[in-house]
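First the structure, in the form of structure tokens, and then the observations on it.
Please read these numbers as outputs of a predicted model, since none were measured by experiment. All ligand and atom numbering here is 1-based and tracks the order in the structure. Note that the numbering runs from 1 along the sequence shown for the chain.
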Amino acid sequence: MGNPKRKFSKSRRDKRAAHWKLDSPMFQECPHCHAPKMPHRVCPNCGKYKDRQVVQYE
Ligand SMILES: [Zn+2]
């Protein structure tokens, strides 16, 4: 029957694309509005970053 001639090494097996999935993104609480935001990003809720208003919302 059609079978692979050799066993895949652990290295080649573990390089399969199915193992490449990334971890879920990190979340931190915004110190101003306490909404969840990503670290080192402007807060999507209040538009502030490090006590500074970076984005103005209507
Ligand atoms: Zn905020």
Taking both backbone and side chain into account, is any N, O or S atom of His34 nearer than 2.8 Å to the Zn ion (ligand 1)?
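So His34 does not count as coordinating the Zn ion (ligand 1).
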
Restricting to N/O/S atoms, is Cys33 within less than 2.8 Å of the Zn ion (ligand 1) or not?
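Yes, within the cut-off.
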
Exercise: identify the closest heavy-atom pair between Gln53 and Cys46:
NE2-O, 2.8 Å

For residues 10-21, which side-chain N or O atoms pair as donor and acceptor with protein atoms under 3.5 Å away, sequence neighbours left out?
| unit_1 | atom_1 | unit_2 | atom_2 | d |
| --- | --- | --- | --- | --- |
| Trp20 | NE1 | Lys15 | O | 3.1 |
| Trp20 | NE1 | Arg16 | O | 3.4 |

Degrees at the Zn ion (ligand 1) between the SG atom of Cys43 and the SG atom of Cys46, nearest 10°:
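Value, to the nearest 10 degrees: 110°.
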
Any side-chain heavy atom of Tyr49 within less than 4.5 Å of one from His40?
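Side chain of Tyr49 against side chain of His40, heavy atoms only: contact under 4.5 Å found.
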
Say whether, by atom type as modelled, one donor and one acceptor occur between the side chain of Gln56 and the main chain of Gly47 under 3.5 angstrom.
no

